[in-house]
Amino acid sequence: MPSFISIENLSKVYQNGHIALNGVDLDIEEGELIALLGPNGAGKTTLISIICGLVRPSSGSVTVDGHDIIRDYRHTRKLIGLVPQELPIEPFESVFKTVNFSRGLFGKTPNPKYIDQLLSDLSLTDKKYSQIKALSGGMKRRLLIAKALSHEPRILFLDEPTAGVDVNLRKETWDLIHRLRESGVTIILTTHYIEEAEEMADRVAVINNGSIIVVERKTELMQKMGKKQMFLELQQPMTQIPEELGDYDLYTQEDGTILVYNYETTRKRTGITSLLKDLSSMQIGFRDLRTEQSSLEDIFIDLVDERVEVLKHAESKYASTG
Amino acid sequence: MNIPGIKAIFTHEMDRARRTIFQSLVSPVISTSLYFIVFGSAIGSRITEIDGVSYGSFIVPGLIMLTLMTQSVTYASFGIFFPRFTGTTYEILSAPISHLEIVIGYVGAAVTKSLIVGLVILATSGLFVDIYIAHVGWMLLFLLLTAFTFSLFGFLIGIWAENFERLQIIPLLIVTPLVFLGGSFYSVSMLPEFWQKVTYFNPVLYLVSGFRWSFYEISDVSVMISLGMIGTFLLICISITWWIFKTGYKLKE
């Protein structure tokens, strides 16, 4: 039984030679919320554009609900709603008509009741007959979500739903996405805001330079990749890290009053016990102790940097050999 | 077949015409009336009958054709260009709708609109001059084929155009001159021999001639040749449309 959305070895080379996607494999299960996390130009939009039918893949295949997205496009596209990154709208149409139009376009017979409910869920009821150009930016984005949901899709793609959006609106959008997810819709969102992925996603796929670097459940990713830091508030400031402690990854903060120890939770031994033992044998006392988990942001930067290092290494090797 | 999809595009396009009723209906009617006043009354009173038809009546089919062709091109080109301009094509391209269905929606709406305008102008003409239609069936066939061909042509322009200037340039610089020089306001036999020969290279001549024949049974070329010409032009437009969707030209990366 293939996954609800199954992406296999998907590549896209644009006509200008730009490699947007490079052999992407990804399986998405029904009902989950997956975040495609990556910097600008990583290939996130290209990936979802291919699944939605806006961009032709150069090679590889995608199936949705067991159907090929190109051969059985009628079946797959009916299941999908897309909220694009920009706000493309027909300025002179009314809110109700444009949502109704989207529903028809996706092959559904009119259902004004459903659309009324949708507009009400998205707080657009009092704008039902307004021209779109009269809406605020936040309303336009909600309208695009309404259009994407107009044909009752089971999958929703949100391309950078909170790019260039103020804090209040971002919070609002997050609430909305949470509600959608609770209704059982499978959601794929792209973002370059780590906190967005951290806030909402079940799983995170980190994508950079057209390749997926890692796909993990968010919690596991944070656990696995997570570094922890232990902060020790010293009784006496430390001007220099003693040589005896050279084996530990240590540094000082705030004029030597705080000693920071970096350790990885993935190791069997974190080294905390021995460090504390060593400190006490050296008669270094401390008043307080706390630990901190690194955020998805730190993990992300690590992953992307690592990748860049590997590439650089490969490049230099290639250059020297040939 | 995605019938609700075709309906959605069709209604959407008709709604736009309704919103811009002045531009889409009133303005062609006004400009046609102006042609009647200038060509029909002021100049026409000094021109004798052409093949037994008064000049005012003679130009009616040409005027309808002029409007039909320019409006078909304008409606259809704008219909597909505007979503490209606003970026809303993403929705059409991601919908479970085939290329054929998209064309049926857009071109169907453009044909309907230009047919309505054509018939309104026919009725308006009746207020100014006597009109006699010998072959109603043929007349409607020519109207329909011309509206369809030029709407398809307009659709192609709408896909090809990168900006509003390009969108206007073909109707202004090609369609309008061809119609004016295609015997809309005169019989080709009134021209010097050299220009008669040149005129036979103008495809519009065959459409206007066939259409006028359905009214007054007078024509510059045989009706079958007219029909053949419009059929050829239609086939060319259909082939290019098919090619565009096959290759995704200007629509998909």
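Letters go in sequence order (proteins before strands), and every chain restarts at 1. When reading the values below, keep in mind they use all heavy atoms of this one structure, side chains included, and skip hydrogens, waters and symmetry mates.
If you measure heavy-atom distances from A/Ile89 to chain B, the contacts under 4.5 Å come from the backbone alone. Contacts between A/Leu144 and chain B at a heavy-atom distance below 4.5 Å involve the side chain alone, from C-beta outward. For a residue to count as touching a neighbouring chain, one of its non-hydrogen atoms must lie under 4.5 Å from one of that chain's; by this rule B/Thr11 does not touch chain A. For a residue to count as touching a neighbouring chain, one of its non-hydrogen atoms must lie under 4.5 Å from one of that chain's; by this rule B/Ile6 does not touch chain A.
Taking the six-membered ring where the residue is Trp, A/Phe92 and B/Phe82 present parallel rings, their angle staying beneath 30° rather than reaching 60°. Below 30°, between 30° and 60°, or above 60°: for A/His151 and A/Phe106 the angle between ring planes is below 30°, a parallel geometry.
The candidate with the highest count of non-hydrogen atom pairs below 4.5 Å against chain A, out of B/Arg19, B/Arg16, B/Met1, is B/Arg19. Annotation: maximal heavy-atom pairing with chain B below 4.5 Å, among A/Arg103, A/Lys147, A/Lys78, A/Glu90, occurs at A/Glu90. In terms of heavy-atom pairs under 4.5 angstrom with chain A, the leader among B/Ala95, B/Gly105, B/Gly87 is B/Ala95. Ranked by heavy-atom pairs under 4.5 Å with chain B, the first of A/His75, A/Lys108, A/Glu93 is A/Glu93. Among B/Asp15, B/Ile102, B/Ile92, the residue making the largest number of heavy-atom pairs under 4.5 Å with chain A is B/Asp15.
For the residue pair A/Leu158 and A/Pro161, the shortest heavy atom distance occurs at O-CD, 3.8 Å.
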Could you go through the side chain to side chain contact (heavy atoms under 4.5 Å, CB included) check for B/Ser125 and B/Phe36 one step at a time? CA-CA 8 Å; B/Ser125 313; B/Phe36 268 116; 3.3 Å; yes
Kindly determine whether B/Trp138 and B/Phe211 satisfy side chain to side chain contact (heavy atoms under 4.5 Å, CB included), including the steps that lead there. CA-CA 8 Å; B/Trp138 281 97; B/Phe211 191 54; over 6 Å; no
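Note that A/Arg154 lies outside the cation-pi zone of A/Phe4, set by a 6.0 Å cut-off to the ring centre and a 45° limit from the axis.
In summary, the aromatic rings of B/Tyr106 and B/Tyr75 are positioned with their centroids too far apart to meet the 6.0 Å limit.
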